[in-house]
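Report on one structure; see the data block that follows.
As the structure lists them, so they are numbered: ligands from 1, and atoms in each ligand from 1. Note that the numbering runs from 1 along the sequence shown for the chain.
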Amino acid sequence: MTVSGSPRLIVHGGAGDWVGFDEASVLAAVRKAAAVGWEILKGGGSALDAVEKATNIMEDDPQFDSGYGSFINAAGEVEMDALIADGSTLKYGAVAAVRRVQYPISLARLVMTRTNNLFFAGDGADQLAAQLGVPLVANVQMITPKELEAFVARQKEAQAKSRAALGTGTCGAVALDAAGHLASATSTGGTPDKPKGRIGDTPIFGAGGYAEDALGAASATGVGENIMRYFLCKRVVDQITGGTNAQSAAQTGLDFLSDRIPNPQAGIIVIGADGSVGAQHTTTHMPIAWVTADGDIQTTMKYEKALL
Ligand code: GLY
């Protein structure tokens with residue numbers, strides 16, 4: 001569907017199998033994130049504000065693999081990555097392996113707006129946060145009881161399943177504002193049991209997220225090692241030209257990725273400069289919430305083409 005001139009918004013809570021989760025609760029959470037972003041857009045606010053605040057909601061929700069709720073790595077810590085992209089300037093801000101901030105996507109935005117750089121990682125990123133007035137939290141504060149239990153079980157070589165086997169929940173948001181500017185935001189705790197220092201697609205501009213006002217914006221989710229080899233978001237957004245809408249671009253991008261990398265376990269949400277909205281995933285599930293042309297918020301755990 002194409003609605004030029006109107007704000008548009010779509011959010012995702014991560015591509016994965018999502019086995020054993022409370023579907024109603026997950027969908028309520030993505031709906032809440034979309035509602036927060038939509039209030040901003042409806043009031044004439046910017047796409048950047050909308051995607052940041054929508055993502056903050058999911059970073060706070062332990063159902064998602066971002067912020068509080070991030071997977072625990074092999075060292076027993078949380079290391080988080082995030083990327084925010086501004087389609088009007090082609091600027092972005094990224095952080096990787098941050099351990100002491102509650103809202104990695106907001107730190108990414110500060111990198112974009114308050115430094116002359118684009119990407120900070122590790123202790124340096126946490127120190128930058130402190131310098132910019134962001135309160136630091138103890139790493140343990142970002143660990144949910146559920147993830148701790150799963151980590152301890154893995155340590156004991158018990159057979160308890162972590163979300164590694166049940167689904168993944170990187171979160172992201174893409175918006176088009178009334179001024180015609182596009183933005184995307186993506187935030188993750190990465191993969192469960194990842195080695196310390198491992199960084200996936202999320203903070204890689206063009207892979208985990210991308211925004212360019214003339215074309216479109218996207219946020220990716222899934223197994224980063226597959227997404228970042230293919231520059232998924234940039235490739236998909238580049239296709240939104242000459243009558244190809246966001247949905248066609250998303251589908252073509254994931255079809256091509258699947259041809260090159262069997263079972264890539266990836267998903268993407270996209271908005272075109274024309275206002276078209278798209279979503280596609282190769283996993284069984286990807287919770288999304290989007291705003292229709294009438295301003296209604298719709299949600300689903302599985303994208304079906306007719307929905308958007
Ligand atoms: N897509 C998130 C990650 O692989 O880290």
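Salt bridge annotation for K42-E39: present, with a cationic side-chain nitrogen under 4.0 angstrom from a carboxylate oxygen. A salt bridge is absent between E23 and K302: the closest approach of a Lys/Arg side-chain nitrogen to an acidic carboxylate oxygen does not fall below 4.0 angstrom.
Between the side chains of T170 and T221, no donor-acceptor pair of N or O atoms lies under 3.5 Å. A donor atom on one side chain and an acceptor atom on the other are found under 3.5 Å apart for T284 and D17. Counted by atom type alone, Q247 and S276 present zero donor-acceptor pairs between their side chains at under 3.5 Å.
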Next on the checklist: Is there a side chain to side chain contact (heavy atoms under 4.5 Å, CB included) between D126 and V95? Walk through the geometry before answering.
Outcome noted: CA-CA 9 Å; D126 287 326; V95 294; over 6 Å; no

Return a table of N or O atom pairs, ligand 1 on one side and protein on the other, at distances under 3.5 Å, rounded to 0.1 Å.
| unit_1 | atom_1 | unit_2 | atom_2 | d |
| --- | --- | --- | --- | --- |
| ligand 1 | 1 (N) | D201 | OD1 | 2.7 |
| ligand 1 | 1 (N) | G222 | O | 2.6 |
| ligand 1 | 4 (O) | R198 | NH2 | 2.9 |
| ligand 1 | 4 (O) | D201 | OD1 | 3.4 |
| ligand 1 | 4 (O) | G222 | O | 3.3 |
| ligand 1 | 4 (O) | G224 | N | 2.8 |
| ligand 1 | 5 (O) | R198 | NH1 | 2.7 |

